[in-house]
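Accompanying notes for the structure given below.
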2 protein chains.
Amino acid sequence: MLNYTTSEENYIKSIYHLQKDSDTVNTNSLAAEMQTSAASVTDMLKKLKNKKLLQYERYRGFKLNETGKKVALGVVRKHRLWEYFLVEKLGFDWDKVHPIAEELEHISSDELIKRLEHFLGSPSFDPHGDPIPDRNGKIPVIKQLCLSVVPLKHSVTVSSVANQTPQMLEMLKHYHIGIGTTIIVTRHFEFDGSLEIKILRQPSCILSEQVAKNVFVHYDQ
Amino acid sequence: MLNYTTSEENYIKSIYHLQKDSDTVNTNSLAAEMQTSAASVTDMLKKLKNKKLLQYERYRGFKLNETGKKVALGVVRKHRLWEYFLVEKLGFDWDKVHPIAEELEHISSDELIKRLEHFLGSPSFDPHGDPIPDRNGKIPVIKQLCLSVVPLKHSVTVSSVANQTPQMLEMLKHYHIGIGTTIIVTRHFEFDGSLEIKILRQPSCILSEQVAKNVFVHYDQ
DNA sequence: TATTTTTTTTAGATTTGTCTAAATTTATTT
DNA sequence: AAATAAATTTAGACAAATCTAAAAAAAATA
Ligand SMILES: [Mn+2]
Ligand SMILES: [Mn+2]
Ligand SMILES: [Mn+2]
Ligand SMILES: [Mn+2]
């Protein structure tokens, strides 16, 4: 497999994440995601098309082809393994690791990642509950649903969090919610969609719909 | 402390290593060390002088000032901590870690290095026996001497290896010599300066002067 | 000291990744 | 279907890091 620049890898990864929800991606959304100009995106699209990582016709949107997806999965794999390392081995809070993994994911040694994965015990999910692709790009799946649609009085366990900004993660920490936390939804307020929830050894509390929409869970046992 | 580019950091580190033996450094030696052209070196020297990291008058050689040395020590510290991690935690052979640490040393987070150091148990020496500067740039010292000048029949322990190319390290592995190996010099051949040595549980063997000159030891107990 | 050699710097290009402003294409409204 | 608005691309510029070839300065030698 060829080597790509840090910049190329960042674009490829962003396209990968965007095309999961929308199939074909457009210039402006990528520019927004990357916090850069639309012109810069167009420049990079030409480069990635030349390198045969992208399906792209001008003005028509674009998407990664199979090669591009493989590259993206490799970067995602590295990113999430490093995040796991930072939290589980170095004791970082889970809301601090993203920017550091954003740099570490570009270290090029394959041997390093092979050994890192083994050292970490081949984890399947990163500290945010996101799946870690294996060496072949295969992603583990679990049946999860959004906390906002969980029926009352069912015990569920938090398996991932969609919005991973420090702001969101800070908030969840305040509620004592993390990956693996067991939750029972005790009330649902129709007025604003907020939820009353109960966490073991914590007083009941109210979550806004906005928060609940970003928390994903699976049913217990 | 400001941030520097990967390229700047690599130049600063090379100058630091060169000026240890020669006080003032010249353009061609740095170009050789960095495997680049003299013109590129001159370009970078102007940049580093502008950033006030360097004493430099054209045609007159150059050296890092105190600020520059601090930056260099920070990079060296990161490089050696990562090498220690790669060998002690990930199980890499010591002759494989240098190029990977060459990338990892540029990851910018200070918090990361603080935690990595703690995770590793604040080691004082890297896998090649080179000292790891502490957070303030202070370097631990040990009294060491070159294996080629060790008197006969004294028990000494290998503390560092000067030439760290894969070729040299491969060779030392073949002789079962590593950091911490106990050695007794049993004969010294005047003809070519080669040494007969004895390592515990190994048959006697002969080291060329070229190898011995690169191995540093300290007296036992 | 004059000449030659070596070292170092400058001049001018090139590549990568970025930008702003203008032009073009596509989409949405009247 | 025009007109307007939005999205996208192109044109042209710039900074960083590199290069080669030529010029200039310093060092070594005759
Ligand atoms: Mn990144
Ligand atoms: Mn994550
Ligand atoms: Mn480096
Ligand atoms: Mn080392």
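No hydrogens, no waters, no symmetry mates; every other heavy atom, side chains included, goes into these values. This is a predicted model, so every value here is computed, not measured. Chain letters run A, B, ... following the sequence lines, proteins first and then strands; every chain starts at 1.
In terms of position on DNA chain D, the residue among B:Ser7 and A:Thr42 whose nearest nucleotide sits closer to the 5' end is A:Thr42. Position along DNA chain C of the nearest nucleotide to A:Ser40 versus A:Arg60 favours A:Ser40 as the more 5'-ward residue.
Between A:Ser37 and the phosphate of C:dC19, there is a side-chain N or O to OP1/OP2 separation shorter than 4.0 Å. OP1 or OP2 of D:dT9 lies within a sub-4.0 Å distance of a side-chain N or O belonging to A:Tyr56. In terms of phosphate contacts, B:Asn26 brings no side-chain nitrogen or oxygen within less than 4.0 Å of OP1 or OP2 of C:dT7. The side chain of A:Thr36 places an N or O atom within less than 4.0 Å of a non-bridging phosphate oxygen (OP1 or OP2) of C:dC19. The side chain of B:Arg58 contributes an N or O atom lying less than 4.0 Å from OP1 or OP2 of C:dT10. Side-chain N/O atoms of A:Tyr11 include one lying less than 4.0 angstrom from OP1 or OP2 on C:dT18. Contact check, B:Thr5 against D:dA17: a side-chain N or O comes under 4.0 Å of OP1 or OP2. In terms of phosphate contacts, B:Tyr4 brings no side-chain nitrogen or oxygen within less than 4.0 Å of OP1 or OP2 of D:dA17. A close approach under 4.0 Å does occur between a side-chain nitrogen or oxygen of B:Lys47 and OP1 or OP2 of D:dA17. The phosphate of C:dT6 has neither OP1 nor OP2 within less than 4.0 Å of any side-chain N or O from B:Asn28.
The nucleotide whose nearest atom lies closest to any side-chain atom of A:Met44 is, among C:dT9, D:dT8, C:dG17, C:dG17. Of the candidates D:dA11, D:dA17, D:dC19, the closest approach to any side-chain atom of B:Asp43 belongs to D:dC19.
Distance, B:Lys51 NZ to D:dA17 C1': 12 Å, rounded to whole Å. Computed from coordinates, the A:Leu30 CG to C:dT18 P distance equals 11 Å when rounded to whole Å. Rounding to whole angstrom units, CG of residue A:Leu48 and P of D:dT9 are separated by 13 Å. C:dT16 atom P lies 17 Å from atom CG of A:Asn10, rounded to whole Å. Atom CG in B:Leu45 sits roughly 14 Å away from atom C1' in C:dT10 (whole-Å rounding). A:Asn50 places its CG atom 11 Å from the P atom of C:dT16, with the value rounded to the nearest Å. Rounding to whole angstrom units, NZ of residue A:Lys46 and P of D:dT8 are separated by 14 Å.
Residue side chain B:Tyr59 does not reach the base of C:dT9 through any donor-acceptor N/O pair under 3.5 Å, judged by distance alone.
Residues forming a side-chain contact (heavy atoms from CB on, under 4.5 Å) with B:Arg58 (at least two apart in sequence, or on another chain): B:Tyr56.
Under the 4.0 Å criterion applied to side-chain N and carboxylate O atoms, A:Arg80 and A:Glu83 are not assigned as salt-bridge partners.
Counted by atom type alone, A:His106 and A:Asn10 present one or more donor-acceptor pairs between their side chains at under 3.5 Å. Between the side chains of B:His174 and B:Glu170, no donor-acceptor pair of N or O atoms lies under 3.5 Å.
Aromatic ring orientation, B:His128 versus B:Trp94: parallel (interplanar angle below 30°, classes split at 30° and 60°).
Figure legend: cation-pi geometry between A:Lys89 and B:Phe85 absent, as NZ or CZ is not positioned both under 6.0 Å from the six-membered ring centre and within 45° of its axis.
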